[in-house]
Amino acid sequence: MSESPLEILYQDEHLVAINKPHGLLVHRSKIAAEENVFALQLLRDQIGQRVYPVHRLDRKTSGVLLFALNEETNSKMKLIFREQQIQKTYLAIVRGYTESNGTIDYPLRKENGQLQEAISHYKTLMHTEIPLAFGKFNTSRYSLVEVKPETGRMHQIRKHLAHINHPIIADRPHGCNKQNKLFKEKWGMDSMLLHAKELHFTHPHSHKDVSITAKISSEFERTLGFLKFESKFVIYPNI
C-alpha cells in the first residue's frame, strides 16, 4: 500500500471519516494474517489519537469508512448502524444491462449456516455497450448502478448483484471469472468496482444531519472511460 496520507472526508471531535483505498484492510484479520498495514493504525498515527471503526468495508471495496474518536460515540454509532438508521449508498459497475431499478430481497447465510434477511435497493445510472465480442455476443454490455443496502450483511451487495446475474466487475469469488480475466488481460484492471459513495445519518451528539461523500478511485474513473460511459452523465466524473 502507498505511504500517502489517508484522505480525510469529515472530522469533528467525535467522528472521523476517510476515503478508504481499494485493497486496504480496515483492521487486523485472520483472513489476511500476512498483512501489516491497516486503515485503523494508519489513521490513528495520522491524526495522533485512538480511533474506533464503527462499521466495515471489504478489503476490495473503496469509499467512505467511518471511525469514532471515543468509546461513547463508538457505542452510539454502532447502535445507529444496527438499527438501520443510516443510509448507505454504493456505486458498482456490473456485467450486462440492469433493470432501471429494483429491490433484491434474498436472504444470505452466515458462516454457521443460519439464514439472515438481506435487502438491497438499486437503480441504474447508465448503460454502456462497446464493440468488443465476448462469448456468443458481438458486443459487451455493462451498467453503472447505485445500490442502497437496507441491511448490512457480509458481502451483501456483491452476493445480491451476482444473484440477479449482474456480478460486479473484478469481484472474486462472487463475480464472473471470464469477465474478470478479460478486464485484467485487456485493460490491466484488477480492482473490484464497488465504491462506498456516501453515508447519511443523524449525528449522535449534535443531532444534525451528516452526509459524507467519497469520490471514486482513479481505477474506477479509468474504467468508466474505457467502457465509454457517457461524460454527460450528471454524476461523472465527480462521483
Side-chain angles (χ1 to χ4, degrees), residues 1-32 35-93 120 146-159 168 170-171 191-205 209-221 235 238-239:
M1 294 301 299
S2 170
E3 295 299 323
S4 301
L6 295 168
E7 179 188 0
I8 294 179
L9 304 170
Y10 175 92
Q11 186 172 5
D12 61 25
E13 60 183 307
H14 304 289
L15 295 165
V16 59
I18 65 168
N19 188 354
K20 187 187 84 67
H22 165 90
L24 179 63
L25 285 165
V26 175
H27 52 65
R28 218 171 275 279
S29 169
K30 293 179 181 178
I31 299 174
E35 291 296 325
N36 56 14
V37 178
F38 312 96
L40 189 152
Q41 286 89 342
L42 290 176
L43 181 60
R44 177 197 63 197
D45 294 345
Q46 185 170 324
I47 67 174
Q49 67 182 104
R50 188 172 181 182
V51 295
Y52 305 77
V54 299
H55 67 125
R56 304 288 185 267
L57 287 180
D58 293 344
R59 180 180 188 172
K60 299 176 182 179
T61 304
S62 61
V64 183
L65 180 62
L66 186 64
F67 295 83
L69 295 177
N70 53 69
E71 292 184 0
E72 179 189 5
T73 304
N74 186 40
S75 296
K76 288 178 180 291
M77 286 305 306
K78 285 185 180 297
L79 182 63
I80 287 172
F81 273 88
R82 190 161 57 246
E83 295 188 347
Q84 299 173 17
Q85 295 176 349
I86 191 161
Q87 186 177 78
K88 297 168 283 187
T89 304
Y90 290 75
L91 295 172
I93 298 176
S120 302
E146 179 182 89
V147 186
K148 295 180 183 292
E150 188 173 317
T151 51
R153 311 307 182 197
M154 181 178 287
H155 295 183
Q156 176 175 316
I157 295 174
R158 299 165 63 179
K159 291 178 179 179
I168 299 172
D171 184 3
S191 298
M192 185 176 72
L193 296 172
L194 177 63
H195 177 73
K197 176 192 173 188
E198 184 177 15
L199 287 180
H200 183 89
F201 58 95
T202 299
H203 197 288
H205 296 286
D209 283 347
V210 176
S211 290
I212 306 172
T213 303
K215 287 186 177 182
I216 56 173
S217 68
S218 58
E219 277 294 85
F220 201 117
E221 187 167 353
I235 297 180
N238 296 313
I239 48 180

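Hydrogens, waters and symmetry mates are skipped; everything else that's a heavy atom, side chains included, is used.
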> Considering residues at least two apart in sequence or located in another chain, which fulfil the side chain to side chain donor-acceptor pair (under 3.5 Å) criterion with Thr61?
Replying inline: none
> With sequence neighbours excluded, what pairs up with Thr202 under the side-chain contact (heavy atoms from CB on, under 4.5 Å) test?
Replying inline: His207, Asp209
> side chain to side chain donor-acceptor pair (under 3.5 Å) with Asn19: which residues, sequence neighbours excluded?
Replying inline: Glu7
>> Taking side-chain contact (heavy atoms from CB on, under 4.5 Å) as the definition, give me every residue that meets it alongside Ser191, ordered by chain and number, with sequence neighbours left out.
In response: His22, Met189, Glu219
> How far does CZ of Phe220 sit from NZ of Lys197, to the nearest 0.5 angstrom?
Replying inline: 10.5 Å
> Of all residues at least two apart in sequence or in a different chain, which pass the side chain to side chain donor-acceptor pair (under 3.5 Å) check with Lys148?
Replying inline: Thr89
> Just how far is it from atom CZ of Arg59 to atom CG of Leu24, taken to the nearest 0.5 Å?
Replying inline: 8.5 Å
>> Could you work out, with side-chain contact (heavy atoms from CB on, under 4.5 Å) as the rule, every residue matching Ala92, not counting sequence neighbours?
In response: Val94, Val145, Leu161, Ile168, Leu194
> What do the steps show when you test Met77 against His55 for side-chain contact (heavy atoms from CB on, under 4.5 Å), and what is the final call?
Replying inline: CA-CA 9 Å; Met77 286 305 306; His55 67 125; over 6 Å; no
Only distances under 3.5 Å count here; give the side-chain donor-acceptor pairs of residues 66-73 to other protein atoms, sequence neighbours excluded, each with its distance to 0.1 Å.
from: Asn70; atom 1: OD1; to: Glu72; atom 2: N; distance (Å): 3.4
from: Asn70; atom 1: OD1; to: Thr73; atom 2: N; distance (Å): 2.8
from: Asn70; atom 1: OD1; to: Thr73; atom 2: OG1; distance (Å): 2.7
from: Asn70; atom 1: ND2; to: Thr73; atom 2: OG1; distance (Å): 3.4
from: Thr73; atom 1: OG1; to: His205; atom 2: NE2; distance (Å): 2.8

> Listed by chain and number, what are the side-chain contact (heavy atoms from CB on, under 4.5 Å) partners of Ser75, not counting sequence neighbours?
Replying inline: none
> Can you tell if the side chain of Leu65 reaches within under 4.5 Å of the side chain of Val26, non-hydrogen atoms only?
Replying inline: yes
> Mind checking what makes salt bridge (charged side-chain N to carboxylate O under 4.0 Å, His left out) contact with Arg158, not counting sequence neighbours?
Replying inline: Asp58, Asp171
> Is there a side-chain contact (heavy atoms from CB on, under 4.5 Å) between Glu198 and Ser211 once you walk through the steps?
Replying inline: CA-CA 7 Å; Glu198 184 177 15; Ser211 290; 3.5 Å; yes
>> The test is side-chain contact (heavy atoms from CB on, under 4.5 Å); show your working for Tyr10 and Leu15 and say whether it passes.
In response: CA-CA 8 Å; Tyr10 175 92; Leu15 295 165; 4.1 Å; yes
> Leu9 and Ala214: which non-hydrogen atoms are nearest, and at how many Å?
Replying inline: CD1-CB, 3.6 Å
> Can you name the nearest heavy-atom pair linking Ala17 to Val64, along with the distance?
Replying inline: CB-CG1, 4.4 Å
Please set out all donor-acceptor pairs under 3.5 angstrom arising from side-chain atoms of residues 80-88, sequence neighbours excluded.
from: Glu83; atom 1: OE1; to: Gln85; atom 2: NE2; distance (Å): 3.2

> Going from CG on Leu91 to CD1 on Ile157, what distance comes out if it is rounded to the nearest 0.5 angstrom?
Replying inline: 10.0 Å
>> Rounded at 0.5 Å granularity, tell me how far OG in Ser62 sits from CG in Leu57.
In response: 8.5 Å
> Could you walk me through whether Leu79 and Lys76 pass the side-chain contact (heavy atoms from CB on, under 4.5 Å) check?
Replying inline: CA-CA 5 Å; Leu79 182 63; Lys76 288 178 180 291; 5.8 Å; no
In a table with atom names and distances, give each donor-acceptor pair under 3.5 Å that connects a side chain of residues 43-53 to protein atoms at least two apart or in another chain.
from: Gln46; atom 1: OE1; to: Leu6; atom 2: N; distance (Å): 2.7
from: Gln46; atom 1: NE2; to: Leu6; atom 2: O; distance (Å): 3.0

>> Restricting to side chain to side chain donor-acceptor pair (under 3.5 Å), what partner residues turn up for Glu150, sequence neighbours left out?
In response: His121
